[in-house]
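Numbering of residues begins at 1 and proceeds along the displayed sequence. Every heavy atom of this structure was used, including side-chain atoms; hydrogens, water molecules and symmetry mates were not.
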Amino acid sequence: MTKEHQGGTRGLAAARKGVWSWLRFTSLRLRLVLVFGLVALTAAVSASGIAYWLNREAVLTRTQDAVLRDFEQEMQNRAGALPEHPTQDELQHTAGQMANSSQRFGVLLVAEDADGGAVYGSSGGLGGFALADVPESLRTAVNKEQKVTSANKHPYHLYWQRITDDGTPYLVAGTKVIGGGPTGYMLKSLEPEAKDLNSLAWSLGIATALALLGSALLAQALATTVLKPVHRLGVAARRLGEGKLDTRLRVSGTDELADLSRTFNSAAENLEKRVADMAGREQASRRFVADMSHELRTPLTALTAVTEVLEEELEFAGEGEGGSFDPMVEPAVRLVVSETRRLNDLVENLMEVTRFDAGTARLVLDDVDVADQITACIDARAWLDAVELDAERGIHARLDPRRLDVILANLIGNALKHGGSPVRVSVSRADDEVVIRVRDNGPGIPEDVLPHVFDRFYKASASRPRSEGSGLGLSIAMENAHIHGGEITAENAPEGGAVFTLRLPQDPSPPADEDAEDTAGAAGDGSKGKDAKGQV
């Protein structure tokens with residue numbers, strides 16, 4: 001894959017991530033746009049609805065009043081001039097005249113002839129306006145004679161009703177000539193007005209959509225303006241969390257976001273000062289431990305030589321080969337020998353810890369037969385009678401032999417001291433890892449102690465006998481496992497006893513610099529026996 005293609009793929013992934021983060025409902029930008037959009041939609045729909053309703057009523061009322069006024073006038077002038085019993089021709093002629101008025105509506109006149117039969121006269125407009133086109137309720141209201149009172153001075157009135165036929169709206173009205181005469185009905189199409197109202201509705205809908213779009217764009221612009229400082233603050237906080245303590249925000253304005261930026265800058269500055277102060281103290285502490293360890297090595301070398309001589313004298317005295325010690329002095333000599341060895345182990349461990357803390361520890365890798373390495377570790381410390389080994393030969397891994405020896409010495413020595421023999425060591429292969437388990441036959445590790453067994457200088461003195469170790473052995477073992485890319489875990493076996501599991505990759509990657517300067521770590525809590533002499 002070319003670099004250009006990789007860059008394009010990363011750019012596409014970043015763009016998708018940006019779009020997805022913008023579309024998430026938890027996004028503040030999206031919520032702002034939605035709120036603005038809903039407010040604008042509500043306002044636009046409300047305004048459009050009110051405007052449409054007012055215009056609809058105004059248009060229909062204006063048209064309706066003009067038609068009804070014209071129809072009523074035509075009924076008075078033309079239908080009122082007909083004889084009491086008109087003929088069909090007379091009704092037909094009068095209906096045609098009435099239909100030719102300025103409003104152009106259809107007319108139907110109904111009267112009685114001399115024989116008492118019904119006579120109809122239609123203008124013939126709109127496909128023939130017939131009595132069946134008039135709603136029954138309207139006919140009943142028109143023909144009903146009302147009582148004449150001071151409030152109601154006429155027995156008959158003009159009534160109207162809006163109907164829809166085949167999707168076309170109509171206005172139907174009817175009245176009766178007062179004082180005797182025909183009954184007239186009028187049919188007026190409201191289709192032109194309906195088209196005007198539909199055009200108005202479309203216009204208001206388009207205006208609403210434009211208002212919604214404009215509000216979304218405005219919300220986007222406002223969200224960008226408001227959220228840009230928040231985004232910068234998030235980026236700065238993320239950089240600060242990544243350890244870039246010199247991160248600062250550009251402050252502009254006097255609003256709340258500017259105050260927040262100033263607060264962030266002040267907090268970042270204080271944090272940088274505190275971290276720098278802590279780093280300086282930690283560096284000074286590491287330098288002090290390293291210098292102290294180096295300074296102690298010279299007198300410790302002389303003390304070790306003296307204690308070795310004293311130890312040999314003690315052995316000769318015990319074997320009766322001419323050496324002698326005052327019985328009162330012998331315990332003190334033995335105490336000096338053991339404590340000198342313990343002090344030497346502690347100094348070596350401290351020096352190894354400082355290498356890990358300073359990041360100067362390096363691996364010197366070699367192809368290692370794990371079973372042979374474990375056997376050599378056990379044999380060098382005279383643990384053959386106390387350790388059972390279950391490991392087949394041929395399991396190879398690319399490891400640092402000396403650091404593996406440190407790990408094994410600490411784990412096995414810890415099991416012998418605190419768990420009790422026999423200690424069982426097993427080796428297996430899992431995927432690309434080598435798994436080494438060290439199990440003892442002791443009471444196990446208390447549950448409150450398990451999380452702390454790899455802590456430096458940690459000793460479970462309340463539950464275990466006093467140890468001669470420094471409390472650094474398991475911690476150093478864990479650091480050596482980590483530098484290989486491995487891990488050590490501790491747990492209690494169901495049938496009793498503690499189990500330490502070491503997992504190491506068969507081929508650590510990336511490989512370490514084998515030419516780097518390296519000093520093997522000490523088996524702080526794992527050294528035992530005369531052959532160890534404090535140094536693994």
Take Tyr120 and Leu91 through the test side-chain contact (heavy atoms from CB on, under 4.5 Å) and record every step on the way to the result. CA-CA 7 Å; Tyr120 300 94; Leu91 288 177; 5.9 Å; no
Q) If only atom types and distance count, is the side chain of Asn198 paired as donor or acceptor with the main-chain N or O of Ala194 below 3.5 Å? A) yes
Please tabulate, for side-chain N and O atoms in residues 498-506, each donor-acceptor pair with protein atoms closer than 3.5 Å (sequence neighbours left out).
unit_1: Gln506; atom_1: NE2; unit_2: His396; atom_2: O; d: 3.0

Sorted by chain and residue number, the side chain to side chain donor-acceptor pair (under 3.5 Å) partners of Arg162 (sequence neighbours excluded) come out as Gln64
Donor-acceptor pairs are to be reported for all side-chain atoms of residues 231-244 against protein atoms at under 3.5 Å, with residues two or more places apart or in another chain.
none

Problem - Pair Leu363-His484, side-chain contact (heavy atoms from CB on, under 4.5 Å): steps then yes or no - result: CA-CA 8 Å; Leu363 291 176; His484 280 90; 3.5 Å; yes
Taken to the nearest 0.5 Å, the spacing of Met478 CE from Asp455 CG works out to 9.5 Å
When rounded to the nearest 0.5 Å, the distance separating CG of Leu249 from CG of Leu260 is 8.0 Å
*asked:* For Ala43, is there any backbone N or O sitting under 3.5 Å from a side-chain donor or acceptor partner on Ser46?
replied: no
Would Val370 and Ile436 count as a side-chain contact (heavy atoms from CB on, under 4.5 Å) here? Give the steps.
CA-CA 9 Å; Val370 179; Ile436 303 174; 3.7 Å; yes
Hits for side chain to side chain donor-acceptor pair (under 3.5 Å) against Glu136, two or more places apart or cross-chain, chain-then-number order -> Arg139
Does a side-chain heavy-atom distance below 4.5 Å link Val435 with Arg429?
no
Across all chains, not counting sequence neighbours, the salt bridge (charged side-chain N to carboxylate O under 4.0 Å, His left out) partners of Glu495 are Arg439
Sorted by chain and number, sequence neighbours left out, side chain to side chain donor-acceptor pair (under 3.5 Å) with Glu193 holds for Thr63
Rounding to 0.5 Å, atoms CE (Met186) and CH2 (Trp160) come to a distance of 10.5 Å
Ser189 and Thr168 have their tightest heavy-atom pair at OG-CG2, 4.0 Å
Residues 266-281, side-chain donor-acceptor partners within the protein, below 3.5 Å, at least two apart:
unit_1: Asn270; atom_1: ND2; unit_2: Ser266; atom_2: O; d: 3.2
unit_1: Glu272; atom_1: OE1; unit_2: Arg248; atom_2: NH2; d: 2.6
unit_1: Asp277; atom_1: OD2; unit_2: Arg281; atom_2: NE; d: 3.2
unit_1: Asp277; atom_1: OD2; unit_2: Arg281; atom_2: NH2; d: 3.1

Taken to the nearest 0.5 Å, the spacing of Leu218 CG from Leu213 CG works out to 11.0 Å
So Leu82 and Pro182, do their side chains get closer than 4.5 Å, heavy atoms only? yes
Taken in chain and number order and not counting sequence neighbours, the residues that satisfy side-chain contact (heavy atoms from CB on, under 4.5 Å) with Thr61 are Glu57, Asp65
Would you call Leu187 and Phe105 a side-chain contact if the rule is heavy atoms closer than 4.5 Å? no
Polar side-chain atom of Ser123 near backbone of Gly96 as donor-acceptor pair, under 3.5 Å | no
Between Ala79 and Val177 the two heavy atoms that sit nearest each other are CB-CG2, 4.0 Å
For Tyr156, the side-chain contact (heavy atoms from CB on, under 4.5 Å) test, sequence neighbours excluded, returns Glu145, Lys176
Nearest heavy-atom approach of Gly174 to Leu158 is O-CD1, 3.4 Å
Interatomic distance, CG@Leu197 vs CH2@Trp202, rounded to 0.5 Å, equals 15.0 Å
Of all heavy-atom pairs linking Ile163 and Pro135, the shortest is CG2-CG, 3.8 Å
Note to self: When you measure from the side chain of Glu90 to the backbone of Thr87, do you find a donor-acceptor pair of N or O atoms at a distance under 3.5 Å?
What the structure shows: yes
Those residues at least two apart in sequence (or on a different chain) that pass side chain to side chain donor-acceptor pair (under 3.5 Å) with Glu74 are Arg78
message = Treating Asn480 as the side-chain partner and Arg403 as the backbone partner, does any N or O pair qualify as donor plus acceptor under 3.5 Å?
response = no
Does the side chain of Tyr159 come within less than 4.5 Å of Thr175's, by heavy atoms? no
Nearest heavy-atom contact between Val251 and Ala258 is CG1-O, 3.9 Å
Subject >> Student check: side-chain heavy atoms of Gln92 and Leu109 closer than 4.5 Å >> reply: no
Hits for side-chain contact (heavy atoms from CB on, under 4.5 Å) against Ala51, two or more places apart or cross-chain, chain-then-number order -> Asn55, Leu204
Just wondering, more than 12 heavy atoms not from His93 lying within 6.0 Å of its NE2?
-> no
Any non-hydrogen side-chain atom of Tyr185 less than 4.5 Å from a side-chain atom of Val142? yes
**Prompt:** Are any of the side-chain heavy atoms of Leu138 and Val134 separated by less than 4.5 Å?
**Reply:** yes
Between Ala397 and Val434 the two heavy atoms that sit nearest each other are CB-CG2, 3.9 Å
Across all chains, not counting sequence neighbours, the ring pair (Phe, Tyr, Trp, His ring centres under 6.0 Å) partners of His452 are Tyr458
Output yes when a side-chain donor or acceptor of Ser122 lies under 3.5 Å from a complementary backbone atom of Phe129, and no otherwise.
yes
Output for pair (Lys144 NZ, His157 NE2), nearest 0.5 Å, gives 11.0 Å
Any luck finding a side-chain donor-acceptor pair between His482 and Glu487 under 3.5 Å? yes
>> Do Ile407 and Ile488 make a side-chain contact, defined as non-hydrogen atoms from C-beta onward lying under 4.5 Å apart?
In response: yes
>> Evaluate Asp133 against Val172 for side-chain contact (heavy atoms from CB on, under 4.5 Å), listing each step before the verdict.
In response: CA-CA 9 Å; Asp133 298 328; Val172 182; over 6 Å; no
Atom CD of Gln161 with >12 non-hydrogen neighbours under 6.0 angstrom = yes
